[in-house]
Each structure stands twice: as C-alpha cells, then as structure tokens.
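Note sheet for the following structure.
Chain A is the first sequence line, chain B the second, and so forth, proteins listed ahead of strands; every chain is numbered from 1.
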Protein chains: 2
Amino acid sequence: MSTRTSDRTDRTTATRTLERELSTLIRRLKRVVAERASEVHPDLQPAAYWILTHLEHHGSQRAATVADHLELDKGAVSRHVQHLLDLGLLDRSPDPDDGRATLLSLSEDGARRLSAVDEHRRQWFDEVLGSWDDDELAGFAGDLSRYNRTLEQARAVRDAARP
Amino acid sequence: MSTRTSDRTDRTTATRTLERELSTLIRRLKRVVAERASEVHPDLQPAAYWILTHLEHHGSQRAATVADHLELDKGAVSRHVQHLLDLGLLDRSPDPDDGRATLLSLSEDGARRLSAVDEHRRQWFDEVLGSWDDDELAGFAGDLSRYNRTLEQARAVRDAARP
DNA sequence: TCCAGATGGTTGACGAGTGCAACCAACGAG
DNA sequence: CTCGTTGGTTGCACTCGTCAACCATCTGGA
C-alpha cells in the first residue's frame, strides 16, 4: 500500500486526511453521545455524560481532578456536577483531607443506569462495528490512545514553554 | 497482545476505551482547530474552518451540498458562509443551472491563506507525530476513515428506518 | 398554463456548552 | 497571623447547532 517513497507529500496527505476525518467524526459522535446520554437519563446533558463515565472509570474524585483530566474549565465541571446532582446520578461528600474539596462519585442510581447502558452500548457497537475483528478494534483503540497521549505531550510542552 | 480469547469482555473493554478516548480526542482537537483557524485569519471562527477546508478539498459546491456532506444544519452553514464572505475567504456565484442556488468556492485570498497554513500544519504534525512512521500514520487515518464510513452507514440505516 | 409541493437559502429564537474572571472559603508555608 | 494558593461557585460573553418560519425558485402533473 505504502509506496515507501516516504516523502513530504505522503505525510501531508495523511495528516490532511486525519484532520478532515476527525472533523466529521466529531460531529457524528456528538449525536451518538447525545443519544447515549438520553438513554442513561432523559434529562442528562451530553457533556455531563462524559463526567459520569469518567467517574465510573476512575472512581471517587474531586471536581478539580475531573476538570484537569478532562481538560475542562472548572466552571463547566461545576455546572455539570450540579446538573448531575439534581438528577440524582452523583453523590457528593466532603473530602476528609481538605475542607474546601468535595469528593464526587456515582450514586447507586447513577451506577445502575450507567451499567444498563453499558450493555446497550456494547450491543450497539457490536452491531455497528460487526465488520471489525477484535484485533482491528484493539489496534484502532490503541492508535487513538497513542494519538491522545501524543497530543497531551504536545500540550504539556506548550504549557511549559508558556509562563 | 491479544489473548485470542475473543470473548465479550475483550470487546466491551475495547469499545469502552474507544468511547473514552474519542471523548478526550474531541476536546483536545477543538483547541487545536481553534488555533489553526486563527492562523488562517484572526477572525475566523473554528467551525467555519471546516467549511473552508471542505471546499478546498471538494472544489466549488452549493451550500446545501456542503451542509449535507458535513452533516450540518443548513442554517448553520448559511451563517458560516456569511462569515467567510465577510472575511473575504470565499467567493459566491449564482448557479447557472438553478436560480435559487449559489456556488461557493475559495477566494484567491482564502486559497492562499489556507495553503500557507497547510504548510504550517504539516510542520506541526511532523513535530507532534514525529514518532509515528508513515505506515502507522496511514493505518490510523485509514481506520478513522473506516470508522467514519461505518458510522455513516449506521446513520443511513437508521434514517431509512425512521420515516 | 397554472398550481402544489419540493428545494436552496436566509433569518430569528432558543438552548447547550465553554472559557474567563471575580469571588468566597479553606489550606499551608513563612 | 498573613499572604499566596487552591477548590469551588457564579455571572458574563461568546460560539455553535437546531428548529421553525419565511421567501424565491424550480418542477411535475392536472
């Protein structure tokens, strides 16, 4: 497939494709997530869904940590958390180690609803990604992780260079 | 790497990773694009940048076609196009085949500015993705394309089923 | 020929989402 | 104790996308 010429042009094409594909991906995914979120709870805002899954994966955390991991403004996180608390999907308890902070974690209801949707999502992915075998899927997920880590490093370098 | 067990669990993990990685990717990319857009023109809105690159890639098109390809509301496209016209990055000419429609294309200035940034972007990707060799990059871009096409099909099926 | 419906495009209203900055409360090092 | 830092909340501004109403134009059929 590769011509092994390995010149600038090949790379430019690849990166341009990357950029364009990612753009359509973003739009498509936004819709998918909106749907997924509404499955968890009819009134759940899509963006808050990410916070929910993040806490599902990482366990109890303070809001600042979530904001840092998700690279979100702490104000945005604060609002989403409030929203999630209103819906009863999250529990908040004071951090015993720091009087300012509070620890966020899934509520029982939140965990239940999320795992119910986990199952549904697996079915959806199975249906949609049926043509991908396990290795391909794992490879793609791995590439994505690597790409993310690359971007993260680039960001860290940039942040460090900028006082 | 793969255990060849090929059971449900593997797949669930992969899809969950996929979902999470994609979410952080979206947020990161939003920043990158915002930066790229402002390089093209200080007042260029990030979302309009996609329309610009789309026209760069596909040539002259009417707004409705752009909206269809980018899966955007025609109202949104209309606004972005107006914005791009104001900035002088786009040209608009009446469609000779249809009195209602207008054909959009890059203006000379738009093309020049975009290609200037193309070069800059290549440098950026080279710097950031330096650890990826050509085949890996091409493979990743290919996977993304495939994933997009998969999502597109899923959407088409869904739309068809829904009157 | 003329009318009804479809289509291209514009616009206004609205809600989601986010960053920024100001602010308060609590921490921690000097 | 004081000062700078950090966790969190809130108001403001702005981008963005969707929905719906609207006008102009095209198109097929009576």
Suppose we screen for side chain to side chain donor-acceptor pair (under 3.5 Å). Which residues come up paired with B:Gln45, at least two apart in sequence or across chains? none
Test of understanding: with ring-ring contact (aromatic ring centres under 6.0 Å, His included), list the residues that count as partners of A:Tyr49, not counting sequence neighbours. none
Those residues that, when tested against A:His83, pass ring-ring contact (aromatic ring centres under 6.0 Å, His included) (two or more places apart): none
B/S/- contact track for nucleotides 18-30 of chain C, protein heavy atom under 4.0 Å: BBB----BBS---
Roughly, in whole Å, what's the span from CD1 in A:Ile51 to C1' in C:dG17? 11 Å
How bent is the helix from C:dT1-D:dA30 to C:dG30-D:dC1, measuring the angle between the end axes built from five pairs each, rounded to 10°? 10°
ring-ring contact (aromatic ring centres under 6.0 Å, His included) with B:His58: which residues, sequence neighbours excluded? B:His54, B:His69
Side-chain donor-acceptor contacts of residues 100-108 of chain B below 3.5 Å, not counting sequence neighbours, with atom names and distances?
from     : atom 1 : to       : atom 2 : distance (Å)
B:Arg100 : NE     : B:Asp98  : OD1    : 3.1
B:Arg100 : NH2    : B:Asp98  : OD2    : 2.9
B:Ser107 : OG     : B:Gly88  : O      : 2.7
B:Ser107 : OG     : B:Leu89  : O      : 3.1
B:Ser107 : OG     : B:Asp109 : N      : 3.4
B:Ser107 : OG     : B:Gly110 : N      : 2.9

Nucleotide range of DNA chain D lying under 4.0 Å from chain B heavy atoms: D:dC16 to D:dC26
Please enumerate all residues that pass side chain to side chain donor-acceptor pair (under 3.5 Å) together with A:Asp95, with sequence neighbours excluded. A:Arg62
For DNA chain D, what residues of residues 85-94 of chain B have any heavy atom nearer than 4.0 Å? none
Could you list the residues that satisfy side chain to side chain donor-acceptor pair (under 3.5 Å) with B:Glu56, not counting sequence neighbours? none
Across all chains, not counting sequence neighbours, the side chain to side chain contact (heavy atoms under 4.5 Å, CB included) partners of A:Ser78 are none
